[in-house]
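Everything on this sheet refers to the single structure shown next.
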Amino acid sequence: MAGIQTAQPTPATATAHQTWDTLWQSEDGRSGWIAPEADVLETAADLRLRGAKTALDLGCGVGRHALAFAALGFEASAFDASSSGLEEASRQAAARGLNLTTQQGMMTDLPFDDASFDYVLAFNVIYHGDHAVLAKTISEIARILKPGGTYQGTMLSKRRFDYGVGVEISPNTWVQPEGKGDKVHPHYFCDASELVELFDGFELWSLRDVDHAQRGSQPGSWHWHMVAQKL
């Protein structure tokens, strides 16, 4: 009808780091994010044995995986938008006598040269935004990976208990205005076919839908776990 305008959805930026930056400032807030994930350690150790030298922990938090990479002998880098997380990672590296490079910034604009890394990890990171944020971040990951390099990461599954809860601000992207923690920020969910489409240009080595209840989360906390090679 003439004179009626339809509001357009506002693009969702990656803002969840604001919540995490506050969390990482306290010992209690950091306590649940100290131990590296077993499947990450397994992949990293295997890649190191096969000659991988450079590794990036993208969205490193307090550095649990970046520190493990350094201990395995990688030239390890830790990247996050949270200054408090990076400060803790640096403190832990110094305390353990590990060499670790830290840099702060946004995942959609990575401050690394093309083909810098043999291995990039993004564990519970890149789904914090809408499709545009996700696509730009994946493009950046592909750019900084060496040809044949390995990407390991997680995505939110549409099987999760909170898929469809809150407000859908753009396709597959939900916020919970009354939620706790980072749930007030955008979260992107996908099924297997959508994930494969997002990672066009990568060859999947493995893809599993894992309930993080076994890792201390609420039952039904399904996450895709993937390992892929840049073509």
Side-chain angles (χ1 to χ4, degrees), residues 14 16-17 20-21 24 33-94 96 98-129 133-155 198-199 201-206 224-231:
H17 64 277
W20 295 108
D21 189 62
W24 303 145
W33 305 93
I34 301 300
E37 301 289 337
D39 51 346
V40 173
L41 292 178
E42 181 180 359
T43 299
D46 178 64
L47 290 173
R48 189 74 187 99
L49 285 173
R50 292 196 279 120
K53 296 180 180 179
T54 51
L56 171 66
D57 185 1
L58 170 58
C60 66
V62 295
R64 55 178 180 155
H65 295 119
L67 295 165
F69 297 163
L72 284 169
F74 280 100
E75 296 174 24
S77 296
F79 179 86
D80 205 286
S82 164
S83 59
S84 61
L86 291 170
E87 289 165 4
E88 179 63 19
S90 294
R91 283 194 293 269
Q92 291 299 323
R96 303 180 197 184
L98 298 172
N99 292 321
L100 180 65
T101 300
T102 62
Q103 286 188 263
Q104 184 177 4
M106 300 300 290
M107 62 187 181
T108 51
D109 187 19
L110 299 177
F112 305 106
D113 292 337
D114 296 356
S116 294
F117 296 99
D118 297 306
Y119 174 38
V120 173
L121 171 76
F123 199 93
N124 292 358
V125 178
I126 67 172
Y127 51 72
H128 290 99
V133 168
L134 186 56
K136 183 65 167 66
T137 301
I138 293 171
S139 175
E140 282 290 271
I141 290 169
R143 180 183 64 79
I144 66 172
L145 267 174
K146 296 177 181 179
T150 300
Y151 171 72
Q152 183 175 17
T154 60
M155 291 287 293
L198 283 163
F199 282 89
F202 287 80
E203 178 70 23
L204 279 175
W205 284 357
S206 66
W224 293 110
H225 284 226
M226 64 176 292
V227 181
Q229 181 182 43
K230 176 186 173 182
L231 296 176

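L98 CG to L67 CG: the interatomic distance, rounded to the nearest 0.5 Å, is 6.5 Å. The distance from the CG atom of L121 to the OG1 atom of T154 is 8.0 Å, given to the nearest 0.5 Å. Here L58 contributes atom CG and F112 contributes atom CZ; the two are 8.0 Å apart, rounded to the nearest 0.5 Å. One distance of note links CD1 of I138 with CZ of F202; it measures 7.5 Å at 0.5 Å rounding. Here the CG atom belonging to D80 is positioned 4.5 Å from the SG atom belonging to C60, to the nearest 0.5 angstrom. Residue K136 holds its NZ atom at 11.0 Å from CE of M107, rounded to the nearest 0.5 Å.
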Handout entry: Check against side chain to side chain contact (heavy atoms under 4.5 Å, CB included), H128 and V133
Key = CA-CA 8 Å; H128 290 99; V133 168; over 6 Å; no
Problem - Step-by-step side chain to side chain contact (heavy atoms under 4.5 Å, CB included) determination, V62 to Q92 - result: CA-CA 9 Å; V62 295; Q92 291 299 323; over 6 Å; no
Practice task
Would you sort out whether Q152 and V227 count as a side chain to side chain contact (heavy atoms under 4.5 Å, CB included), showing the intermediate values?
Solution key: CA-CA 4 Å; Q152 183 175 17; V227 181; 3.9 Å; yes
Practice task
I would like to know whether R143 and S139 meet side chain to side chain contact (heavy atoms under 4.5 Å, CB included); could you show each step before the answer?
Solution key: CA-CA 6 Å; R143 180 183 64 79; S139 175; 5.7 Å; no
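Heavy-atom minimum distance, L134 versus L198: CD2-CD1, 3.5 Å. Annotation for L110 and E140: closest pair N-OE1, 2.8 Å, computed over non-hydrogen atoms. Among all heavy-atom pairs drawn from L41 and A68, the shortest one is CD2-CB, 3.6 Å. The shortest non-hydrogen separation linking L72 to A45 is CD1-N, 3.9 Å. Nearest heavy atom pair, residue A66 against residue A78, reads CB-CB, 3.7 Å. Across all their heavy atoms, P111 and Q103 have their closest contact at CG-NE2, 3.7 Å.
Checked against D57 for a side-chain contact (heavy atoms from CB on, under 4.5 Å), the options F69, F123, F79 give a single hit: F69.
With salt bridges taken as basic N to acidic carboxylate O contacts below 4.0 Å, one links K146 and D118.
Side-chain atoms of T43 come within 3.5 Å of backbone N or O of D39 as a donor-acceptor pair. A distance-only check finds a donor-acceptor pair linking the side chain of Q104 to the backbone of A81 [under 3.5 Å].
The aromatic rings of Y151 and F199 sit parallel to each other, their planes meeting at less than 30°, with 60° as the upper class boundary. In this structure, Y119 and F74 have tilted ring planes: the angle between them lies in the 30° to 60° band.
Within 6.0 Å of the CG atom in D113, the count of heavy atoms belonging to other residues, nucleotides or ligands does not exceed 12.
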